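Just so it is clear, the structure is predicted and the values come from calculations on it, not from any experiment. Sequence lines set the chain letters: A, B, ... in the order given, protein chains first and strands last, and positions in each chain run from 1.
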Amino acid sequence: MSKDMNRDVLVIGGGIAGMQSALLLAEKDHRIYVLESAPAIGGFFPLLDRTFPTNSCGVCFMSPKPPAYCPIYESDFHENIELLTNCELKDLAGQAGNFEVSYVEKPRFVDIEKCDLCNRCVEVCPVEVDSELGAGIEKRKAIHLPFAQAIPRSYVIDETSCTKCGDCLKVCSPGAINLQDKSRERKLNVGAIVLGFGFEPFQGENKGEYGLGRYKNVVSSIQYERMMSFSSSTGGLPGRPSDGKRPKKVAFIQCVGSRDPSCGQGYCSSICCMYATKQAMVSKERDKELEAAIFYMDIRAMGKDYERYYERAKQEYGIRYLRSAISAVRELQRSKCLMFTYGLENGQLEEEEFDMVVLSLGFIPPARVKETAERLGVELNEYNFCLTDEFRPTETSVPGIYVAGAFREPRDIPETVVEASSAAADVSGLLDDFEQRAVEEEEFFEEKDIADEESLAIGVFICDNRGVLAQGLDIEEITRLFEQDPDIVCVEKVNITSLKKGADEIKNKIAEKELTRVVIAGHRGMALSKALRSVCKAVSTGSCLLDYANIGEQCANVHALDSPAATSKAKSLVQASLRKAKLAVPRRAGRKRVCSRVLVVGGGISGLSSGLSLAEQGMDVTLVEKSDKLGGIARTAYYTLKGSDIQALLRDMVSRVEAHPKIEVLKGSELKALEGTWGSYHSLISADGEEKEILHGAVIFATGGREALPDEYFFGKNENVLTQKSFERLLAGREEKAAKAKTVVMIQCVGSRDEKHPYCSRVCCGQAVKNALKLKELNPEADVYVLYRDMRTYGFYEKYYHEARGKGVIFVRYEPQARPEVSASSGTLRVSFFDSVVKERISLEADLLVLSSGIAPNEDNHRLAEIAGLELNADGFFAEANPKAAPLDSVDRGKYFCGLSHSPNHIGDAICQGKAAAARASALIWNAFQEYADNQAYVNERLCSGCGICVSACPYDARIIDEVSNKANVLEDLCKGCGTCVISCPNGASQQYDFERSTILDILDEVIG
Amino acid sequence: MQEFEPRIVAFLCNWCTYTGADLAGTSRLQYPPNIRIVRLMCTGAVDTIYVLKALIEGADGVLIGGCHPGDCHYQTGNYKARRRITILKKILNRFGYDEDRIWLRWISASEGKLFADTTAQMVEELKDKGPNPIKQLWMV
């Protein structure tokens, strides 16, 4: 990085991609501005109640420092992140490293600082319009809160629907509404920009034949998703819009606005198969009687563990999947049910009645994306998504501007998280210099001897937010509690309408009065405790000697009509908090020095991109490769479906890695042992018969996968039976065997999606199309048959599938119970299969039989998992901490994985994953010191009998029994402070700071009393 | 006679249900003031002793609130709570004690409304049940 580059970063779009990039970069001391055109951040994520393939939410795991709150809150709390909501980008000047951005802050008409969220304005507002969240399934007023957990938490007036009648002005007692509010233009200087524009759903009304907008009980998937949310007006149980009754039969229609060139949507939206499956499953979980049917073309369950999810939906949930084309949807006059006419594959027409129909809408780029792209100078592709190079997936056409998430291509949450992390790595590569970073070497806080407290010095802070507390509670009565208490040094009233100002005020008081305990009573205790964390340490109270009683949120706000009851509840909560603060055991917040080197295991594409990304940021890397050549499985790959040259990419990457002074490459080497915890690992590497020890702070596993070799269809017995990979090699070399073949038959899913390998290898459909097209290019006369189960050419790959069909490649579907049969008598291969369209068995002679055998996990994974303490999933790939929001992280902090060792993936995804793992590792080691989690467990050794129950109870392996003393020990860097061990201990030896068993039992007296 | 007002002690996990209760507050959803919240880091750290003490010393019902299955911030704490509370309820049942005074509910940080509704519903049901008999016996 050159010195004159600005380290601030602008993230445009506050959805999942934007929040992920922001949270990662914020860990590395970048100042992040998140520009969001909507009045609150979150994008589509607040719509989602459950996500596939777990049917849980899981998004809290997105923060690089788990455990964490929802990323919306984490972004709000983070001191390095500034949220610019309700803002539109206006103009951009400058270049990478020094951009000047101008943006327009649209009028909110409500002053966030003054508004006390009393809701009276909403009650009186006469304008009712469709709510954006859930696409109109609920109504909202012109003045509204975008959604319950909206950040910033404030009303906003929607200018287009507001009549400016002024009714809200009259009832707004704090005078927060200003109908004359104007838009303001502002400027920013940043060094890099990340685009996370996201997507919009396709306009379902454009497919008139399905009746959205005409028939009441036809809803869009967005509307249905909202109905399924516990926080919606339906309480999580969808009802028919016509009569509110719970539907008994629901149909889902797939590919509405996807894979449909007739409405300009040539691509596949990638996630609709899965979200429809989820919606059907969750509906059934909520209502066992419900019947669900999904009408589809191909089921594209190609993500990690998605195939199992799809199988579960069929087998366990009894969801019907019907491969068919819907020819008509009619509304029945009286019942408002929907009558379907649909054609099955064999041409048979069927009729069926449904109570409700859900259209699975595809993704389109956001409105006005062309304008915005023009302002940025960023090029778009033919579908108006961001144009990127296949091998530089997160770089736009403008240096210094990066892209993540659905704006590049429709994608699911894990892929979005990966890409947003990868974009963060790109930003780091441009702006970060590890060696120049600010390192605080000195003792980071001055400590008083906290163990010998003679007396407590408690400060109570009554935190009012815009006077709401005083309105709802008798504050005088509450403060009377403190009068007689000798330990209380001061009782202060603080206005925390501005969190920062409020926190500063408390910080000053802590310093001035030398407080050792702090009790926050009022509003926003959670946010304040986060904001005060560092300060409390600085004055030695230790972050944990702070407790809060949210008597604002839990009393004043929610029992507004019963002030005496609210006050009495508040008193007991405050007393409990006070009691807890008094009982808190002093300790110091621990931290550890983090070793800066990163170990990358595996020198394939993903490992190389991890190594390069880290080295570009100035970090030291040791790259261990088992074989004597870098490149991994890509060494035998030649071209991609989009036509890029893989060998050229590999040569370039290998030469850059080998020449980089920051990267130590150890070929012919193997990881033999890995000891230690995050930030300080030491590994044993065997290299050329010698053993080498390496100290490192994080480790990235990029150990790759292998081509699965078939054990059927005469593979290995007949020379004309090949795998896709060897066929690709023949085609790339234009070898006669391939180029002269007249009839080539490809069989998909050989060894995939069956009982032995119940996962989908994701890449084979693309490979088949790729090789079929290549063969057609070499020999247009060749007949190519692809026998498949579902064609999974997701996203923009769909175009090539279309192209292949256009060029005469014949695709024939087979059922798993009627697989193609092959005979090889006297040297000729004969393939026979049932074609359900012509309803006949077809038999043909093939010159070549190409088997799509997919990708298998490395057998070495088991050994590595054992050495490194990693988990494998049921298929033998590394298992992630959370499949949704932490797809590349192990449960143990500091261990990451990427590439084929994680799951089968195309090469562009492997590059992305490599960079993303690098970004996550570098966020951990950027700071020379990392702190331990709060509220750690500790052991009262006198009571410990060494039984070891806590060791088995701990989910993080943070407990060991000391062999000499036979007492349990807590490994502080691994303990995350959940408290499970506390109650597992039969002797009461296990304790957790602030949540000691005796403390909880004591405060129960206050709570009940 | 004054209507019986049940007292509920709630043990809520820090990440999901406690935050959900806060959201109910910021959304100003009104619910009965009969509930007192104790924050714990995880439902996996809710000792049955806490529940028993609350019931013996005067609570008419106990609510344990945590992350939905699969969403525990500490991997499996909510599953541990589920097992523990199930066993506790079975044991209490054996002693002839009404196990429905103990509620275990999954409420996420975004489900402020669910928290408010759950509280209101629990208060209603406890009103029907009347005062907690253990507490009454103690008062004899």
Side-chain angles (χ1 to χ4, degrees), chain A residues 46 49-50 54-58 60-61 66-70 73 117-119 145 148-149 153 230-231 235 525-526 550 552-562 565-566 568-569 572-573 576 891 935 953 955-956 976-980 982-983 992 995 997 1000-1001 1003-1005 1007-1009, chain B residues 5 7 9-11 13-16 18-42 44-50 53-54 57-59 67-77 80 84 107-114 116-117 119:
Chain A
D49 193 82
R50 298 285 175 269
T54 50
N55 289 357
S56 59
C57 172
C60 304
F61 289 84
Y69 294 105
C70 167
Y73 294 158
L117 287 165
C118 70
N119 210 42
L145 189 69
Q149 69 272 42
R153 191 146 6 231
F230 275 129
S231 31
M526 182 173 90
N550 285 350
E553 286 87 350
Q554 292 170 15
C555 302
N557 282 14
V558 291
H559 315 309
L561 299 175
D562 193 349
S568 121
K569 177 176 171 185
S572 81
L573 293 185
V891 173
N935 303 109
Y956 298 104
K976 292 209 163 93
C978 64
T980 302
V982 177
I983 61 169
Q992 180 189 13
F995 298 95
R997 190 191 256 130
I1000 302 294
L1001 290 172
I1003 65 169
L1004 275 176
D1005 291 337
V1007 169
I1008 298 168
Chain B
E5 288 293 344
R7 295 169 164 202
V9 172
F11 297 100
C13 96
N14 180 64
W15 306 102
C16 284
Y18 190 87
T19 314
D22 269 2
L23 181 63
T26 37
S27 310
R28 294 182 175 244
L29 303 171
Q30 301 298 306
Y31 58 85
N34 307 43
I35 188 165
R36 305 275 191 275
I37 295 173
V38 177
R39 180 174 66 99
L40 291 167
M41 293 311 282
C42 180
V46 176
D47 200 328
T48 45
I49 295 276
Y50 305 163
K53 172 164 177 172
E57 302 218 333
C67 310
H68 284 273
D71 283 342
C72 176
H73 284 53
Y74 302 105
Q75 313 290 327
T76 52
K80 288 174 180 140
R84 194 170 275 125
I107 300 170
S108 82
S110 62
E111 291 167 349
K113 186 169 177 296
L114 187 60
D117 292 348
T119 306

Counting only non-hydrogen atoms closer than 4.5 Å, does [X] touch chain B with its backbone (N, CA, C, O), its side chain (CB onward), both, or neither?
{"X": "A/N55", "answer": "neither"}
{"X": "A/C70", "answer": "neither"}
{"X": "A/L573", "answer": "side chain"}
{"X": "A/R997", "answer": "both"}
{"X": "A/A576", "answer": "neither"}

Which pair of non-hydrogen atoms, one from [X] and one from [Y], has the smallest distance, and what is that distance?
{"X": "A/D562", "Y": "B/P33", "value": "OD2-CG, 4.2 Å"}
{"X": "A/Q554", "Y": "B/Y31", "value": "O-OH, 4.1 Å"}
{"X": "A/Q149", "Y": "B/S110", "value": "NE2-CB, 3.3 Å"}
{"X": "A/I1008", "Y": "B/R7", "value": "O-NH1, 2.8 Å"}
{"X": "B/H73", "Y": "A/Y956", "value": "O-OH, 3.3 Å"}
{"X": "B/V46", "Y": "A/I983", "value": "O-CD1, 3.3 Å"}

In terms of heavy-atom pairs under 4.5 Å with chain B, which of [options] leads?
{"options": "A/S568, A/P955, A/C57, A/S231", "answer": "A/C57"}
{"options": "A/A565, A/A68, A/P66", "answer": "A/A68"}
{"options": "A/V558, A/N557, A/D1005, A/T54", "answer": "A/V558"}
{"options": "A/K976, A/R50, A/Q992", "answer": "A/R50"}

Let's test your reading of the structure: which of [options] forms the most heavy-atom pairs below 4.5 Å with chain A?
{"options": "B/G44, B/S108, B/C72", "value": "B/G44"}
{"options": "B/D117, B/T76, B/I37", "value": "B/I37"}
{"options": "B/A54, B/G77, B/A59, B/A109", "value": "B/A54"}
{"options": "B/A45, B/P69, B/C42", "value": "B/A45"}
{"options": "B/T19, B/N34, B/I107", "value": "B/T19"}
{"options": "B/A21, B/P32, B/C16", "value": "B/P32"}

Is [X] close to chain A through its backbone or its side chain, or both, or neither, when contacts mean heavy atoms under 4.5 Å?
{"X": "B/T26", "result": "both"}
{"X": "B/L29", "result": "backbone"}
{"X": "B/N14", "result": "both"}
{"X": "B/R28", "result": "both"}
{"X": "B/R84", "result": "side chain"}
{"X": "B/C67", "result": "neither"}

Between [Y] and [X], is there a side-chain heavy-atom distance shorter than 4.5 Å?
{"X": "A/K569", "Y": "B/I35", "answer": "yes"}
{"X": "B/L40", "Y": "A/I1000", "answer": "yes"}
{"X": "A/D49", "Y": "B/E111", "answer": "yes"}
{"X": "B/W15", "Y": "A/C60", "answer": "no"}
{"X": "B/Y74", "Y": "A/T980", "answer": "no"}
{"X": "A/Y73", "Y": "B/L23", "answer": "yes"}
{"X": "B/Y50", "Y": "A/I1003", "answer": "no"}

Worksheet item: Hey, is the main chain of A/A953 close enough, under 3.5 Å, to the side chain of B/K80 for a donor-acceptor pair?
Response: yes
Worksheet, complete the sentence: The reported gap from CE in A/M526 to CZ in B/R39 (rounded to nearest 0.5 angstrom) is 10.0 Å
Worksheet item: In terms of side-chain heavy atoms, does A/E553 have a donor or acceptor partner in B/Y18 at a distance below 3.5 Å?
Response: no
